[in-house]
Amino acid sequence: MPGSGFRGDPRQLWRAFRWSMSGLRAGWRHEASFRLEAMLTVILLPVGLWLGHGALEKIALVSPVILVLSVELLNSAIEAVVDKVSPEFHELAGRAKDMGSAAVFLLLVLVVLSWGLILGPRFLG
């Protein structure tokens with residue numbers, strides 16, 4: 001995939017965009033967790049932009065949601081590579097998969113924490 005020549009070449013940027021779209025399609029097609037989180041993002045992204053007061057609140061509401069999708073894709077990539085390299089169970093393979101899953105979980109906690117701290121006082125107090 002690395003090409004020679006000027007790195008800002010529009011064709012290279014277009015290829016990078018297509019590879020990214022291919023990765024998103026693969027995540028959607030093969031990962032149920034990604035589909036669920038993507039559907040939640042479709043809901044939470046506009047709600048976060050609507051309910052956030054000012055740019056910083058909007059970023060604090062929207063960023064963790066998008067980060068969940070990003071880390072879910074990375075977790076899926078780790079799982080795919082681990083399964084390709086060694087389909088049988090190995091302690092290190094299991095640890096790698098569990099750590100990727102934990103990273104997604106921590107970001108989901110961040111989503112709940114961010115939304116709760118920003119919107120909770122508005123709606124509960």
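Sequential numbering from 1 along the given sequence is applied to the chain's residues. Side chains are part of it too, since the values below use all heavy atoms of this structure and drop only hydrogens, waters and symmetry mates.
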Given side chains that start at C-beta, do those of Val111 and Leu40 come closer than 4.5 Å, heavy atoms only?
no
Does Arg122, at its CZ atom, have more than 12 non-hydrogen atoms belonging to other residues, nucleotides or ligands within less than 6.0 Å?
yes
Using modelled atom types and a 3.5 Å cut-off, is there a donor and acceptor pairing between side-chain atoms of Lys97 and backbone atoms of Glu79?
no
How many angstroms lie between atom CG of Leu13 and atom CZ of Arg18, to the nearest 0.5 angstrom?
12.5 Å
More than 12 heavy atoms of other residues, nucleotides or ligands under 6.0 Å from CZ of Phe123: yes or no?
yes
Counting only heavy atoms not in Leu56 (residues, nucleotides, ligands), do more than 12 fall under 6.0 Å from its CG?
no
So, Ser33 versus Glu31: side-chain donor-acceptor pair below 3.5 Å or not?
no
Tell me, do Ile66 and Val62 make a side-chain contact under 4.5 Å, heavy atoms counted?
yes
When you measure from the side chain of Trp115 to the backbone N and O of Leu61, does any donor-acceptor pair fall under 3.5 Å?
yes
Given side chains that start at C-beta, do those of Val104 and Leu108 come closer than 4.5 Å, heavy atoms only?
yes
Are the side chains of His90 and Val82 in contact, using a 4.5 Å heavy-atom criterion?
no
Nearest heavy-atom neighbours spanning Thr41 and Pro46:
O-CD, 4.0 Å
